[in-house]
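Working notes, structure below.
Here the structure is a predicted model, which means the values were calculated and not measured.
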Amino acid sequence: MPRTDEPAAGRREPVIPAAVQGILETFWANGHAAYVVGGSLRDELIGRRASDWDLATDARPDRIVELFPGAVYENKFGTVDVRAGGETYQVTTFRTDHDYGDHRRPHHVEFGDEIETDLARRDFTVNAIAWGARGTPGGGRAGRAALVDPFGGALDVERRLLRAVGEPTKRFEEDALRMIRGVRLAATLEFAIEPATLAAITDRAALVEHLSGERIGAELGRLLGARRPSVGLRLMADSGLLDRVSPELAAQRGIAQNKVPGEDLWDHTLRAVDAAPAARPVVRLAALVHDIGKPATAADGHFYGHERVGADVARAFLERVHYPRAVIQRVVALVRQHMFAYEASWSDAAVRRFIGKVGRDMLDELFELRMADNAGSGLPPDVGIAELRRRVEEQLAADVALDRGDLAIDGDDLIEELGVERGPAIGRILGRLLDRVIADPALNERPTLLLLAATLVEDES
């Protein structure tokens, strides 16, 4: 394997954080090889802000724990968490992976002594770069720190190219998640995928069926954080990965819509995802699945009730990829509500009912989703939204009652003042009172509501 110990002409030295440099110096002072490796180094070479710096060393895990008091040996793969400068860094012993029988993780690892061997087990050349130095038996480092790049990863960084280390088919057969990670990196780094690597992804796409939903969901979340997630999502669809990850989304391809000329339902979804704000990950995720119910409801160019069907389909998909329950509930609610039809003729009471139905804590996300949906349809994002948003803000500023918690009385008042027994009748009475108050906010006074409630109690008896 070629070893790069000199920086290429014009290539700057990586800027290593002081805490990471301190860890390297500790290893070198004690005669150990130590390098920064992986994505953080890649990002530094690109000129992006690097985070989550990882290190590799020839020191065995027990030796790492000895050198860094308080360090924690995490797993059988040789990873130790080291605290420095208020941060935690993962330090892994050089290793070779063996027997990927399940296309997910190696069944066992073998510790090694050379950084080149460790780099050879990695997924893509841009992640198979290291910067550091070997140690000397008497302590200290053997020469100055330098870049180690046996697979030409630094040049691929410059070319903005994703290329598998060694034989791509073998890399993906070892761990099928590397294929999903590849399309995710293509989107987040804005790199192209080298043709042979992309061909191997297409050829081995079926292997993702061996992956846990948890690992797939984690990569999907990172992909949706890209500036343009559509780059990775389109690669997933074109390579066949999407058919295995979400057949429900893959079914959108080829379904015609009366939206942007020449584009299908999948194109609309991709436009909507890109238009959703990256700073609102729940909205991005909702944009991905907002029309997931359309294939099942397509009939004569219409998709009646697709938001209701889509809410159930979205829930099943998100549960399959192990998104947190709170995220699933919010996304499902957004999908179910995203087809609201505002008209300028709405009364103020209608606006208040809309707020109560949606929930004031979900309004901003629903508007953001609808704006992304509009953009995906080739419309101005604010169309049909700006006026409703203004009217909603007016109602919220007026501090009117919008849900049962805003009423001037509660269930205890019904029990104590009117003798209502605990049970479902209390909820029905409060719901009817809320309808009256939404129509006329002036009714939201304790004496008035008790009088109204008294007549409703008679209806319940």
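Around atom CG of Asp361, more than 12 heavy atoms belonging to other residues, nucleotides or ligands sit under 6.0 Å away. Counted within 6.0 Å of CZ on Arg325, heavy atoms from surrounding residues, nucleotides or ligands total 12 or fewer; the atom is thus considered open. Atom CG of Asp52 has 12 or fewer neighbouring heavy atoms from other residues, nucleotides or ligands inside a 6.0 Å radius. When the shell of 6.0 Å around OH of Tyr304 is examined, it contains 12 or fewer heavy atoms from other residues, nucleotides or ligands.
Using a 4.0 Å cut-off between a side-chain N of Lys or Arg and a carboxylate O of Asp or Glu, Asp267 and Arg234 qualify as a salt bridge. Salt bridge status for Arg390 with Glu393: absent, with no side-chain N to carboxylate O gap under 4.0 Å. Ion pairing between a basic and an acidic side chain is recognised when a charged N comes within 4.0 Å of a carboxylate O; Arg389 and Asp364 show such pairing. No salt bridge links Asp175 with Arg171; every basic N to acidic carboxylate O contact stays at or beyond 4.0 Å. Between Glu219 and Arg222 there is a salt bridge, with a side-chain nitrogen of the basic residue lying less than 4.0 Å from a carboxylate oxygen of the acidic one. Using a 4.0 Å cut-off between charged side-chain N and carboxylate O, Arg204 and Glu173 make a salt bridge.
Sequence neighbours left out, the pairs with a member in residues 293-303 that pass salt bridge (charged side-chain N to carboxylate O under 4.0 Å, His left out) are Asp291-Lys294. Counting only residues at least two apart or on different chains, the salt bridge (charged side-chain N to carboxylate O under 4.0 Å, His left out) pairs with a member in residues 238-249 are Glu209-Arg244, Asp238-Arg253, Glu248-Arg320. Among pairs with a residue in residues 232-254, none fulfils ring pair (Phe, Tyr, Trp, His ring centres under 6.0 Å), at least two apart in sequence or across chains. Within the structure, ring pair (Phe, Tyr, Trp, His ring centres under 6.0 Å) pairs that include any residue of residues 245-283 comprise His268-His290 (at least two apart or interchain).
Taking the side chain as every heavy atom from C-beta outward, Arg284 and Pro277 never approach each other to under 4.5 Å. A 4.5 Å side-chain heavy-atom check between Asp156 and Phe191 finds every atom pair outside the cut-off. Contact check for Val392 versus Val351: side-chain heavy atoms found under the 4.5 Å cut-off. Looking at Ser377 and Val260, their side chains never come closer than 4.5 Å, going by heavy atoms from C-beta outward. Side-chain atoms of Ile201 and Phe172, non-hydrogen and from C-beta on, do get closer than 4.5 Å to each other. The shortest distance between side-chain heavy atoms of Thr92 and Asp54 does not fall below 4.5 Å.
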Just distance, no hydrogens or angles: give the donor-acceptor pairs under 3.5 Å from side chains in residues 307-317, sequence neighbours left out.
none

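For the pair Arg163 and Phe124, the cation-pi criterion (under 6.0 Å, within 45° of the ring axis) is not fulfilled.
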(request) Take Ile23 and Val82 through the side chain to side chain contact (heavy atoms under 4.5 Å, CB included) test and state the conclusion after the steps. (result) CA-CA 9 Å; Ile23 296 174; Val82 173; 4.1 Å; yes

(request) Report the C-alpha separation of Asp348 and Arg352 in whole Å, then their side-chain angles, then the decisive distance to 0.1 Å, and conclude whether the side chain to side chain contact (heavy atoms under 4.5 Å, CB included) test is met. (result) CA-CA 6 Å; Asp348 287 345; Arg352 291 192 290 271; 3.6 Å; yes

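Ring geometry, Trp346 versus Phe354: the interplanar angle falls from 30° to 60°, so the pair is classed tilted.
Taking the six-membered ring where the residue is Trp, the centroids of Phe94 and Phe111 are separated by 6.0 Å or more. A distance below 6.0 Å separates the ring centres of Phe27 and Phe68.
Partners of Gln329 by side-chain hydrogen bond (donor to acceptor under 3.5 Å, both in side chains), not counting sequence neighbours: none found.
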